[in-house]
Amino acid sequence: FIKNEKGALIFTDDKDKKKYYAFNKGTKEKVGDLTDKKVKIIAKIKKKEGAKITLMTYIVSVKPVK
């Protein structure tokens with residue numbers, strides 16, 4: 001995860017380079033201090049038709065990768 005200039009958390013998938021935005025308080029709390037670290041994540045996502053971004057609506061689990 002990285003934080004953009006607006007403070008939004010963005011996860012970039014290493015496999016396909018897609019970006020997912022963690023936008024609500026619950027997802028931000030689960031990420032905690034894992035910004036700027038590689039993680040393995042299981043999450044629910046939502047892509048609205050015509051939208052430019054994909055939202056990460058719920059994080060099931062997030063763990064740092066060693």
Side-chain angles (χ1 to χ4, degrees):
F1 286 92
I2 60 165
K3 277 191 180 180
N4 69 5
E5 64 279 352
K6 294 180 181 179
L9 287 171
I10 303 169
F11 173 79
T12 304
D13 191 333
D14 282 345
K15 292 179 185 174
D16 58 12
K17 303 301 179 201
K18 285 187 180 180
K19 292 184 178 184
Y20 302 88
Y21 291 76
F23 72 100
N24 64 27
K25 185 178 178 183
T27 55
K28 289 180 180 181
E29 287 175 355
K30 286 189 178 184
V31 171
D33 62 348
L34 295 174
T35 54
D36 297 322
K37 297 179 183 173
K38 286 196 174 272
V39 296
K40 180 172 182 167
I41 188 166
I42 299 171
K44 293 182 181 181
I45 60 167
K46 185 174 187 178
K47 173 83 173 165
K48 289 188 176 182
E49 266 190 57
K52 293 181 181 180
I53 64 172
T54 303
L55 302 174
M56 190 175 294
T57 58
Y58 180 76
I59 294 177
V60 177
S61 72
V62 60
K63 297 176 186 175
V65 176
K66 294 182 181 183

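The basis for the numbers below is simple: all heavy atoms, side chains too, and nothing from hydrogens, waters or symmetry mates.
Rounding to the nearest 0.5 Å places CD1 of Ile59 at 12.5 Å from NZ of Lys44. In this structure, the separation between CZ on Phe1 and CE on Met56 is 4.5 Å, given to the nearest 0.5 Å. In this structure, Tyr58 OH and Asn24 CG are separated by 10.5 Å, a value rounded to the nearest 0.5 Å. Taking OG1 from Thr27 and CG from Leu9, the interatomic distance works out to 7.0 Å, rounded to the nearest 0.5 Å. The structure places OG1 of Thr35 at 12.0 Å from CD1 of Ile10, a figure rounded to the nearest 0.5 Å. With values rounded to the nearest 0.5 angstrom, Lys19 atom NZ is found 5.0 Å from Thr12 atom OG1.
Ile53 is not connected to Val31 by any chain of hydrophobic side-chain contacts under 4.5 Å among Ile, Leu, Val, Met, Phe, Trp and Tyr, and they are in different clusters.
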Point to revise | Steps toward side-chain contact (heavy atoms from CB on, under 4.5 Å) verdict (Asp13, Tyr20) | key: CA-CA 8 Å; Asp13 191 333; Tyr20 302 88; 4.2 Å; yes

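Between Ser61 and Ile41, every side-chain heavy-atom pair lies at or beyond the 4.5 Å cut-off.
Judged by distance alone, with hydrogens and angles left aside, the side-chain atoms of Lys28 form no donor-acceptor pair with the main-chain N or O of Gly32 at under 3.5 Å. Checking side-chain atoms of Asn4 against main-chain N and O of Ala8 turns up a donor-acceptor pair under 3.5 Å.
The neighbour count for Lys47 NZ, taken as heavy atoms of other residues, nucleotides or ligands under 6.0 Å away, is above 12.
Screening residues 52-66 for salt bridge (Lys or Arg N to Asp or Glu O under 4.0 Å), with sequence neighbours left out, gives no hits.
By the 4.0 Å N-to-carboxylate-O rule, Lys38 lies close enough to Asp14 to be salt-bridged with it.
Of the listed residues (Val39, Ile45, Val62), just one forms a side-chain contact (heavy atoms from CB on, under 4.5 Å) with Phe11, and that residue is Val39.
Shown here are the side chain to side chain contact (heavy atoms under 4.5 Å, CB included) partners of Asp33, two or more places apart in sequence or in another chain: there are none.
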